[in-house]
Amino acid sequence: RDSSHTDQQHELTYTRFDRMVGKYPRHTAVIYLGERFSYARLDELSRRFAGALQDLGIRKGDRVMVYIANCVQWVIAFLGIQKLGAVIVPVSPIYTSHELKYMIEDSETRFAICMDTNFCYVQEVIDDTILDQVIVTNLIDLLPSWKRFLGMLFDKIPSGKVQPSPNVHKFKSLLAHAPLENLPAMDPMEDLAYMLYTGGTTGFPKGVPGNHSGMTSYVNDVTDDVAGERLLEGEDVYIAVNPLFHIMALGLFMSIGLNKGNTTILMPVPQIDAILESIQRYDVRWMLGVPALYRMILDNDRLDRYRPSSLAFCFCGGC
């Protein structure tokens, strides 16, 4: 491999995304529930979020648990945490307080981002752990007001009660903060980018730390060795169905989508008709799924109503 490829393996996790922001600022980076977020907008929001995290006392190396479902806030949080030099700890949004308490203590997490629907579990453990600050969001927080109104009107949006407290903050409010200007110096080989937890089939989930170099190496393997010339920079469309707290889902989202200037359709839940309709509407060419998901798509009795002919490359992972 040439030296440029080797150099890319030692980049920071968000470096190539930043290059795509400079190259394709007006391109759509993410489509979430019909709302488009350009590369420039996503970059601005993530820098604002990073600035807010810094004001909350989060510093380089601090662990930040992301305990939310697939949504654009997940992406903003991921990029903001990385740019601040903190370590993302992504976990399943369906974990209960029992698993949550263990992972908070194991990862030494003092900051968490959760949904209003699972805030109750955070509330149950906050007094018994080192958790200090909590940021709360809802699936539709960043959608236009008319979409939020319709969602609530027809009772289509899950929501939960959040008890006000000085250490509980609204995700959307933090985005009004000034952007982070001075990014901390980081070493891709030495500084952690993430701590992922396994499924815990043999007991409690196990935390697996990873540095920036390992993450970018994985991304390069997908874009260069697997996708190769079949992946069209700035022209392709990927659909992200699998939960982003899994390494393969996060890796492909970065590889096929954000790090190549492409558009990602971000699905909050794996609803089969919504997936098929999105593939047809946005001419999706790339997809990741698990065997059960592909089986459900093929068994859908309304499959003949859709035109998924644009779909060309399907990855599969899981068991």
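The first residue of the sequence shown is numbered 1, and numbering continues consecutively from there. The analysis underlying the following values was restricted to heavy atoms, covering all of them including side chains, and did not include hydrogens, waters or symmetry mates.
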- Note on the structure: The reported gap from CD1 in I81 to CG in D62 (rounded to nearest 0.5 angstrom) is 11.0 Å
- Message: So that I can tick it off, tell me whether R285 and E235 are bridged by a salt bridge, with the cut-off set at under 4.0 angstrom between side-chain N and carboxylate O.
- Response: no
- Task: Find out whether T216 and T15 are in side-chain contact, i.e. whether some heavy atom of one side chain is under 4.5 Å from a heavy atom of the other.
- Result: no
- About how many Å separate OG of S92 and CZ of F245, when rounded to the nearest 0.5 Å? 4.0 Å
- Heavy-atom side-chain contact between L143 and L33 under 4.5 Å: yes
- Message: Can you give me the closest heavy-atom contact between Y24 and G261, atom names plus distance?
- Response: CD1-CA, 3.8 Å
- Note on the structure: Here the gap from L293 atom CG to L288 atom CG, rounded to the nearest 0.5 Å, amounts to 9.0 Å
- Query: Do K260 and D236 sit within salt-bridge range, that is, some charged N less than 4.0 Å from a carboxylate O?
  - Reply: no
- Does any N or O in the side chain of Q280 come within less than 3.5 Å of the main-chain N or O of R307, such that one atom is a donor and the other an acceptor? yes
- Test item: Y95 and Y121 side chains (from C-beta on) under 4.5 Å apart, heavy atoms: no
- In one Ile/Leu/Val/Met/Phe/Trp/Tyr side-chain cluster, 4.5 Å: L252, L232: no
- Does the R63 side chain pair with the main chain of R110, one donor and one acceptor, at a distance under 3.5 Å? no
- Message: Looking only at the side chains, is there a donor atom on one of H177 and D55 sitting less than 3.5 Å from an acceptor on the other?
- Response: yes
- Task: Could you check D141 against K172 for salt bridge (Lys or Arg N to Asp or Glu O under 4.0 Å), going step by step and ending with a plain yes or no?
- Result: CA-CA 7 Å; D141 266 355; K172 188 176 180 180; over 6 Å; no
- Note on the structure: Interatomic distance, CG@L231 vs OG@S255, rounded to 0.5 Å, equals 9.0 Å
- Query: Can a salt bridge be assigned to the pair K161 and D116 using a cut-off of 4.0 Å between side-chain N and carboxylate O?
  - Reply: no
- Message: I'd like to know if K83 pairs up with D43 as an ion pair, taking the criterion as any Lys NZ or Arg NE/NH1/NH2 lying under 4.0 Å from an Asp or Glu carboxylate oxygen.
- Response: yes
- Query: Is it true that a side-chain atom of N262 and a backbone atom of I256 form a donor plus acceptor pair closer than 3.5 Å?
  - Reply: yes
- Query: Can you tell me how far CG of L42 sits from CZ of R36, rounded to the nearest 0.5 angstrom?
  - Reply: 14.0 Å
- Cluster question for you: counting only ILVMFWY and a side-chain heavy-atom cut-off of under 4.5 Å, with indirect links fine, are L303 and I272 together? yes
- Query: Among all residues two or more places apart in sequence or in another chain, which pass the salt bridge (charged side-chain N to carboxylate O under 4.0 Å, His left out) test with K23?
  - Reply: E233
- Item | Aromatic plane relationship, W286 with F315 - under 30° parallel, 30 to 60° tilted, over 60° perpendicular | parallel
- Message: Salt bridge check, R19 against E11: does any charged N sit closer than 4.0 Å to a carboxylate O?
- Response: yes
- Do L139 and V269 belong together in a cluster built from hydrophobic side chains that touch within less than 4.5 Å? no
- Main-chain N/O of V284 paired to S310 side chain as donor or acceptor, under 3.5 Å: yes
- Message: Assigning hydrophobic clusters by single linkage (Ile, Leu, Val, Met, Phe, Trp, Tyr; side-chain heavy-atom cutoff under 4.5 Å), is Y294 placed with I279?
- Response: yes
- Just wondering, are more than 12 heavy atoms of other shown residues or ligands nearer than 6.0 Å to CD1 in I94? no
- Which value, rounded to the nearest 0.5 Å, describes the distance between L250 atom CG and L258 atom CG? 9.5 Å
- Just checking, any donor-acceptor pair under 3.5 angstrom between side chains of Y32 and N70? no
- Report yes or no: does N118 contribute a side-chain atom to a donor-acceptor pair with the main-chain N or O of M115 at less than 3.5 Å? yes
- Message: Whether the side chain of R230 engages the backbone of V226 through a donor-acceptor N/O pair (distance < 3.5 Å, no angle test) should be reported.
- Response: yes
- Query: Can you tell me if Q73 uses its side chain to pair, donor with acceptor, with the backbone of F171 under 3.5 Å?
  - Reply: no
- Could you tell me which non-hydrogen atom of Y282 sits nearest to which non-hydrogen atom of G34, and how far apart they are? OH-CA, 4.1 Å
- Note on the structure: Closest non-hydrogen contact found for I247 with Y218 is O-CE2, 3.7 Å
- Message: Quick one about N300 and Y306 (side-chain donor to acceptor, distance below 3.5 Å, no hydrogens or angles considered), yes or no?
- Response: no
- In short, P184 meets G85 closest at the heavy-atom pair CG-N, 4.1 Å
- Atom CZ of R305: over 12 foreign heavy atoms under 6.0 Å: no
- Message: Tell me the closest heavy-atom pair linking D283 and V237, and the distance in Å.
- Response: O-CB, 3.9 Å
- Closest heavy-atom pair, L131 versus A112, reported as atoms and distance to 0.1 Å, is CD1-CB, 3.8 Å
- Task: Could you tell me whether the side chains of N211 and S213 share a donor-acceptor contact shorter than 3.5 Å?
- Result: no
